[in-house]
Enquirer: 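Below you'll find the structure I mean.
Everything quoted here is computed from the prediction, not taken from an experiment. To find a chain, count down the sequence lines: A is the first, B the second, and so on, and within it residues start at 1.
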Number of protein chains: 2
Amino acid sequence: MRSYEEYCAVAKSLDVVGDRWTLLIVRELALRGPSRYTDLRNGLPGIATNLLADRLRELERAGVVAREDAPPPIATTLFHLTPRGEELRPVLDSLFRWGLPLMSEQQPNDAVRSHWLAGALEQTLTDHSPGQPPIEIELRPGDQPIVIQISDGAIRASVGAASDPAATLTGEPRPIMGLLLGLLELEAAQAAGVHFDGDPKVLERIRGGPPVAA
Amino acid sequence: MRSYEEYCAVAKSLDVVGDRWTLLIVRELALRGPSRYTDLRNGLPGIATNLLADRLRELERAGVVAREDAPPPIATTLFHLTPRGEELRPVLDSLFRWGLPLMSEQQPNDAVRSHWLAGALEQTLTDHSPGQPPIEIELRPGDQPIVIQISDGAIRASVGAASDPAATLTGEPRPIMGLLLGLLELEAAQAAGVHFDGDPKVLERIRGGPPVAA
DNA sequence: CAGCATCCGCTTTGATACTG
DNA sequence: CAGTATCAAAGCGGATGCTG
């Protein structure tokens, strides 16, 4: 990207991460950890392969990303965030939060990946009853399952199966997210094809309320 | 901008504010409040006028910016952030913080505006002695003067003159910022042409230390 | 197959000129 | 002051081909 040539911290940041696709590449590495080129491409549907290569080079030059040639048995290149790259998490988090209200409308051809949803959920859900025992909830939004772990006031959401879920939600991504983000009631979500299995009270424990002041 | 067509909150955010210049327009409105078209152009050196018009239209459609035709005596159009637009401040703040380390190198043809520097300073400086009486520091980085107001642990930095400054700093923007951000010692800043007037202790009270975890 | 580089048509941006 | 109009240059998207 052409530099803005402004002596301003925001402009300097955007000189590095303001290009199309760049922050989404950082998102992939932040959500999934060290990744292969092919995994990155899979998490960025629509990116031109030469652009991904270009951006990775630029991010490497900027000290945000580093590549490591994995040892012989694996024999592949892994890209990962440097400490400086990890410091971009607050930027991603604020964008996650700002974009949550836009999740209510899912365009018909929007791609879906479970790890994106997990990232969004970690930014919104809160444990309203920290005293309660730890529980897990499993989501099956068509893609891979997502497990939400609630324990001692902390929320962790990641791709994977729950061992002993207190509840499971199966259905389309949009109504599932609408329900969890607090934009949809359980009845409305069920009418939209969501199958809820478990104790409805667990929903009340974690549902995102009105947007949090950040 | 073409949509990323991803059902991800970050991608949805970037669909709205990921275009070139867009976040800088929001920065201008956030730092300066309601502004005229011409003021925006002045705060965005290098932007093509058709692009500014385009972006403002898109931001209006997205509900981030609104325009008001000021009443007859003023007879001009003012652009301002909507509440939804104000919610982008955490995004700007995180970009301000991330970009601070990049402020140490000022490219020879970087444009400088005092309100950008004020924004950066508010993100870094902290009042390390909240018990002390309120003081003001004035900066004269060539452009317009900046006043830093320190009182009760809070820092405010804005364009304008101080009434009774406890210290003044005159010189080039880069060494002044380097000194305040904690990247440069007073002697080094003075060697770089900064003229410091006042009690050096006030510097210790507010200087930014190592980057804060956000 | 993983990790690119090249080519080409299309879209976006930059610079400048012009207008109510 | 607050834009619109025009056009060249740069960037992007999609397809394809190459190399270990």
Enquirer: Under 4.0 Å, counting only non-hydrogen atoms across every strand here, what does B:T38 touch: a base, just sugar-phosphate, or nothing?
Expert: sugar-phosphate
Enquirer: Distance check needed: D:dC1 P versus B:D69 CG, whole Å only.
Expert: 16 Å
Enquirer: Check whether any side-chain nitrogen or oxygen of A:R41 sits under 4.0 Å from OP1 or OP2 of C:dC4, and answer yes or no.
Expert: no
Enquirer: Please report, rounded to the nearest Å, how far the C1' atom of D:dC12 is from the CG atom of B:L14.
Expert: 16 Å
Enquirer: Round to the nearest Å and state the distance from B:D19 atom CG to D:dC12 atom P.
Expert: 11 Å
Enquirer: Strictly below 4.0 Å: does A:T76 bring a side-chain N or O up to OP1 or OP2 of C:dA2?
Expert: no
Enquirer: So what does A:A53 touch, heavy atoms closer than 4.0 Å: a base, only the sugar-phosphate, or nothing?
Expert: sugar-phosphate
Enquirer: On DNA chain C, does the nearest nucleotide to B:L51 precede the nearest nucleotide to A:T49 from the 5' side, or the other way round? Give the residue.
Expert: A:T49
Enquirer: Between A:R57 and C:dA5, is there a contact of a side-chain N or O with OP1 or OP2 at under 4.0 Å?
Expert: yes
Enquirer: What nucleotide among D:dG13, C:dC4, C:dG3 has an atom nearest to a side-chain atom of A:F79?
Expert: C:dC4
Enquirer: Below the 4.0 Å mark, does C:dA2 have OP1 or OP2 next to a side-chain nitrogen or oxygen of A:R67?
Expert: no
Enquirer: Given side chains that start at C-beta, do those of A:L117 and A:L139 come closer than 4.5 Å, heavy atoms only?
Expert: no
Enquirer: Between C:dC4, C:dG14, C:dG3, which nucleotide gets closest to the side-chain atoms of A:R2?
Expert: C:dG14
Enquirer: Please state how far atom CG in A:L40 lies from atom P in C:dC1, giving the value in whole angstrom units.
Expert: 18 Å
Enquirer: Counting only heavy atoms not in A:E172, do more than 12 sit closer than 6.0 Å to its CD atom?
Expert: no
Enquirer: Please report the distance, rounded to the nearest Å, between CG in A:N50 and P in D:dG13.
Expert: 9 Å
Enquirer: Tell me: CE of A:M1 to P of C:dT13, nearest whole Å?
Expert: 9 Å
Enquirer: Under a plain distance cut-off of 3.5 Å, with no hydrogens placed, do B:E28 and B:H115 share a side-chain donor-acceptor pair?
Expert: yes
Enquirer: With salt bridge (Lys or Arg N to Asp or Glu O under 4.0 Å) as the test, would you mind laying out the steps for A:R61 and A:E58 before giving the verdict?
Expert: CA-CA 5 Å; A:R61 264 197 329 128; A:E58 291 164 16; over 6 Å; no
Enquirer: Please determine whether a side-chain nitrogen or oxygen atom of A:W21 lies at a distance below 4.0 Å from atom OP1 or OP2 of D:dG11.
Expert: no
Enquirer: Would you say that more than 12 heavy atoms from the other residues, nucleotides or ligands in this model lie under 6.0 Å from the CD of B:E122, or not?
Expert: yes
Enquirer: Any side-chain N or O of A:R55 less than 4.0 Å from the OP1 or OP2 oxygen of D:dC12?
Expert: yes
Enquirer: Tell me the interatomic distance from B:I47, atom CD1, to D:dA2, atom P, rounded to whole angstroms.
Expert: 15 Å
Enquirer: In whole angstrom, give the distance that lies between atom CZ of A:R20 and atom P of D:dA10.
Expert: 21 Å
